[in-house]
Amino acid sequence: MIFTVVFIYMYRQDPGNTPYKYFTGMASTVYEKYAPYSFKVIKEKAKELGQDFTTRQYIVQIFLFGGVAAAIAFLYFYSLLWAIAYAIAAIAFIPYISFLRYKRIYNEFIFEEIQIYCTNVIMEFNTSQSFVKSLEGVRESGILEEPILGDVSTMIDMSYANGTIDEALKFMTDKYPYYMVKNMHQLFLQITNEGAKDSGESLENMMQDIDMLVEGVYRDKMDRAAFYKKFVIYGLALYLLVMMMQLLLGQAAYIKMINEWYIQIVLHAVILINSYFLLDGTRFYNQDVDAE
């Protein structure tokens, strides 16, 4: 009833637009005002990659989260008030879950760009025998995208300004602390400073190491995705253990039992612990996907 009253009031405030356009416009305004910069950046990159959710998908997500949370809460407490409260709480976590998903997509994109950067710099070096010329060749090839492309340009400018590649390598290694970046830069630093004559074999071994590393990361990605699906199913099944309790006690005895305040606290604790279990698993699945 409250939602209906608010909906009618908002519509009458701006009758020239449809309620759908009004609410989406209001949500967009709030997002632009309060969303953190990092969230905007990774969301924009997800949109460029074609992996952003549509408005319809977000609406489905809202109804799904709210509906499941309301059903679980009502099954536990047989209270419409608690069903609404848990539905609102579940919907409130959608932006955070979306942020985790966008962060995973962005990290996967950065990892792919780093892979391209490393392999192509090595291939360019085999031709030019100069690290800076290799960077210039990779930059001009058009295979890199922002932000890696801008960082490569920064490395080139730093190398020419300082007369050495040391600071440029440190800049890139500190910003992208991947093993492949660290090892490749260390090898190039050794070749440049010590004047290694036969670097072909070392670079070839480095390319093989990168290929093996990337293969392991993508295999881990598929394993994590398969495990996460099972994890979510298991987490949702934990909520339904209360049904077993109702079957053992009988619905009438269960309803009488939940009138006790300490039983209510226990049931709330069960829901909160299960929810934290699911949320923490989701956070773990979406973070450190670029870890090597």
Side-chain angles (χ1 to χ4, degrees), residues 1-10 19 23 26-27 30-31 33-36 38-39 53 56-104 223-289 291:
M1 291 173 63
I2 293 174
F3 177 80
T4 304
V5 170
V6 171
F7 186 86
I8 294 173
Y9 173 77
M10 294 295 183
F23 279 107
M26 182 173 61
V30 172
Y31 163 75
K33 185 175 181 180
Y34 296 107
S38 58
F39 183 53
F53 280 158
R56 181 182 297 240
Q57 287 174 315
Y58 274 118
I59 293 175
V60 171
Q61 209 172 24
I62 288 172
F63 279 101
L64 181 63
F65 274 63
V68 171
I72 290 173
F74 189 80
L75 184 65
Y76 272 65
F77 303 104
Y78 288 95
S79 167
L80 187 60
L81 180 63
W82 282 120
I84 294 173
Y86 274 105
I88 294 173
I91 292 172
F93 275 97
I94 291 178
Y96 175 68
I97 295 173
S98 297
F99 171 73
L100 293 177
R101 177 179 176 272
Y102 288 137
K103 188 177 180 181
R104 173 175 56 81
D223 292 341
R224 285 162 65 100
F227 175 79
Y228 180 67
K229 291 180 181 178
K230 297 178 181 178
F231 169 80
V232 171
I233 294 173
Y234 175 74
L236 292 175
L238 290 177
Y239 288 112
L240 302 180
L241 291 177
V242 72
M243 294 182 63
M244 184 179 299
M245 186 184 300
Q246 294 187 35
L247 290 174
L248 294 173
L249 298 176
Q251 190 177 38
Y254 176 81
I255 293 175
K256 182 179 179 181
M257 183 181 68
I258 62 176
N259 289 328
E260 302 292 339
W261 63 270
Y262 56 88
I263 298 297
Q264 294 255 342
I265 292 177
V266 170
L267 292 177
H268 282 298
V270 170
I271 291 180
L272 293 178
I273 292 172
N274 285 351
S275 300
Y276 176 78
F277 175 70
L278 273 173
L279 191 62
D280 192 56
T282 301
R283 180 189 60 81
F284 177 78
Y285 167 66
N286 286 285
Q287 74 174 4
D288 296 333
V289 295

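As the structure is a prediction and not an experimental result, all values here were calculated from the model.
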Side-chain (Tyr285) to main-chain (Lys229) donor-acceptor, under 3.5 angstrom:
no
Quick one: CD1 on Ile91 to CG on Leu64, what's the gap to the nearest 0.5 Å?
10.0 Å
Identify each donor-acceptor pair in which a side-chain atom of residues 253-261 lies under 3.5 Å from a protein atom, sequence neighbours left out, and give them as a table.
from	atom 1	to	atom 2	distance (Å)
Tyr254	OH	Tyr76	O	2.7
Asn259	ND2	Ile255	O	3.4

Take Ser275 and Phe93 through the test side chain to side chain contact (heavy atoms under 4.5 Å, CB included) and record every step on the way to the result.
CA-CA 11 Å; Ser275 300; Phe93 275 97; over 6 Å; no
Contacts of Tyr78 that satisfy ring-ring contact (aromatic ring centres under 6.0 Å, His included) - sequence neighbours left out:
Phe74
For the residue pair Phe77 and Tyr86, does the interplanar ring angle fall in the parallel (under 30°), tilted (30 to 60°) or perpendicular (over 60°) class?
parallel
Identify the heavy atoms of Phe231 and Thr282 that sit nearest to each other, and give their distance.
CE2-N, 4.3 Å
For Ala90 and Ala69, which heavy atoms make the closest approach, and how far apart are they?
CB-CB, 3.5 Å
Value rounded to 0.5 Å, distance of CG in Asn274 from CG in Leu240:
10.0 Å
Going from CD1 on Ile72 to CG on Leu75, what distance comes out if it is rounded to the nearest 0.5 angstrom?
8.0 Å
Given Val270 and Leu238, is the side chain to side chain contact (heavy atoms under 4.5 Å, CB included) satisfied, shown in steps?
CA-CA 9 Å; Val270 170; Leu238 290 177; over 6 Å; no
Kindly indicate, with the supporting measurements, whether the criterion side chain to side chain contact (heavy atoms under 4.5 Å, CB included) is fulfilled by Leu278 and Tyr239.
CA-CA 11 Å; Leu278 273 173; Tyr239 288 112; 3.7 Å; yes
To the closest 0.5 Å, what do you measure between OH (Tyr228) and CG (Asn286)?
6.5 Å
Identify the two heavy atoms, one from Ala73 and one from Ala83, that lie closest to each other, and give their separation to 0.1 Å.
CB-CA, 3.7 Å
Is the number of heavy atoms from other residues, nucleotides or ligands within 6.0 Å of CZ (Phe227) greater than 12?
no
Out of curiosity, Tyr96 OH to Arg283 CZ, how far, rounded to the nearest 0.5 Å?
6.0 Å
Are the side chains of Tyr102 and Ser98 in touch, meaning some heavy atoms are under 4.5 Å apart?
yes
Cation-pi check, Arg224 onto Phe284 ring (under 6.0 Å, within 45° of axis)
yes
Mind checking the CD1-CZ spacing from Ile97 to Phe65? Nearest 0.5 Å is all I need.
4.0 Å
